[in-house]
Amino acid sequence: MSKLKILLITLVTALATISVKAAAVVPRAEQPRWEQVSDISGSRITLTPVKGVKGVNSGIGNKHLYLEVADPTRIELFTILGQPIITADLKPGLHRLKLSSRGIYLLRIGNATIRIKY
C-alpha cells in the first residue's frame, strides 16, 4: 500500500471519529412532553370546550397548549404537514405542552381532529 493511501485512510478514520464524538456532545432538542398542572387561575388563559369531543377543554397561552380532560384520553399532536410531534395518554385533569414555535398544529383527540393556531 502506498504512503498516500495509508495517509488517506488514517485521515478518513480520524474524521469519522471526530464526527461521532461531536455528535455525542451536541445536545438533542428536548422532546416535547405533557405535564400535569394544578390550575391556571390568575392567568389570561381561557379554556373552551373542544367541538365534537365530550369532556375536553383547550386553551393556548404563555407558549403552552393547555388541555383539560375528564377521562383518560389519547392525544396526538401533529404539524400542519402531518408530521407527528407527540402522542400521549393523558389522565383526567389539566395538562400543558410547551409549543416550540408559532404556527398551526393538528390535534387528534380520539376520532376528532381539530386545528390549533398559535
Side-chain angles (χ1 to χ4, degrees):
M1 217 185 255
S2 71
K3 288 184 180 184
L4 182 59
K5 224 178 198 181
I6 293 172
L7 181 61
L8 184 59
I9 291 172
T10 305
L11 181 62
V12 167
T13 304
L15 287 174
T17 303
I18 290 170
S19 66
V20 167
K21 286 182 181 178
V25 172
V26 174
R28 290 184 177 180
E30 186 176 320
Q31 294 296 319
R33 64 181 180 83
W34 287 98
E35 60 181 330
Q36 195 155 9
V37 294
S38 56
D39 77 287
I40 54 173
S41 61
S43 69
R44 294 185 174 186
I45 300 160
T46 303
L47 297 177
T48 58
V50 174
K51 293 180 183 177
V53 183
K54 186 178 177 185
V56 178
N57 299 313
S58 69
I60 293 188
N62 300 331
K63 299 182 182 179
H64 286 85
L65 168 62
Y66 290 84
L67 286 180
E68 184 178 43
V69 296
D71 299 311
T73 306
R74 172 156 286 224
I75 303 292
E76 298 173 277
L77 186 68
F78 301 91
T79 67
I80 191 65
L81 299 176
Q83 298 168 324
I85 296 173
I86 185 171
T87 298
D89 294 312
L90 300 183
K91 297 177 183 175
L94 181 63
H95 304 270
R96 73 179 180 183
L97 176 74
K98 185 170 185 175
L99 298 174
S100 61
S101 62
R102 290 193 167 278
I104 299 173
Y105 297 89
L106 299 175
L107 181 65
R108 184 178 301 153
I109 305 170
N111 293 329
T113 302
I114 60 169
R115 186 178 62 119
I116 302 288
K117 186 176 180 183
Y118 169 63

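Below, each value reflects all heavy atoms present in this structure, side chains not excepted, and no hydrogens, waters or symmetry copies.
Using a 4.5 Å heavy-atom threshold, the side chains of Tyr118 and Ile104 count as separate. Contact check for Phe78 versus Ile116: no side-chain heavy atoms found under the 4.5 Å cut-off.
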| task | Could you check Tyr105 against Lys117 for side chain to side chain contact (heavy atoms under 4.5 Å, CB included), going step by step and ending with a plain yes or no? | result | CA-CA 6 Å; Tyr105 297 89; Lys117 186 176 180 183; over 6 Å; no
| request: Test Trp34 against Leu65 for side chain to side chain contact (heavy atoms under 4.5 Å, CB included), laying out the working first. | output: CA-CA 9 Å; Trp34 287 98; Leu65 168 62; 3.8 Å; yes
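Listed by chain and number, the residues in a side chain to side chain contact (heavy atoms under 4.5 Å, CB included) with Thr113 are Leu106, Arg108 (sequence neighbours excluded). With sequence neighbours excluded, the residues that form a side-chain hydrogen bond (donor to acceptor under 3.5 Å, both in side chains) with Ser41 are Asp39. Every side chain to side chain contact (heavy atoms under 4.5 Å, CB included) that Ile109 has, sequence neighbours left out, goes to Val50, Val53, Val56, Thr73, Ile75, Leu107.
Cluster annotation: Leu67 is connected to Ile114 through the hydrophobic network of ILVMFWY side chains, with a link wherever side-chain heavy atoms come within less than 4.5 Å.
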Can you give me every donor-acceptor pair (side chain of residues 84-98, partner residue at least two apart or in another chain, under 3.5 Å) with its distance?
from  : atom 1 : to    : atom 2 : distance (Å)
Asp89 : OD1    : Arg74 : NE     : 2.8
Asp89 : OD1    : Arg74 : NH2    : 3.4
Asp89 : OD2    : Arg74 : NH2    : 3.0
His95 : NE2    : Lys91 : O      : 2.6
Arg96 : NE     : Glu35 : OE2    : 2.8
Arg96 : NH2    : Glu35 : OE2    : 3.2

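One finds the CZ atom of Arg102 at 9.5 Å from the CG atom of Leu99 (value rounded to the nearest 0.5 Å).
Note on residues 50-62: pairs passing side chain to side chain donor-acceptor pair (under 3.5 Å), not counting sequence neighbours, are Asn57-Glu68.
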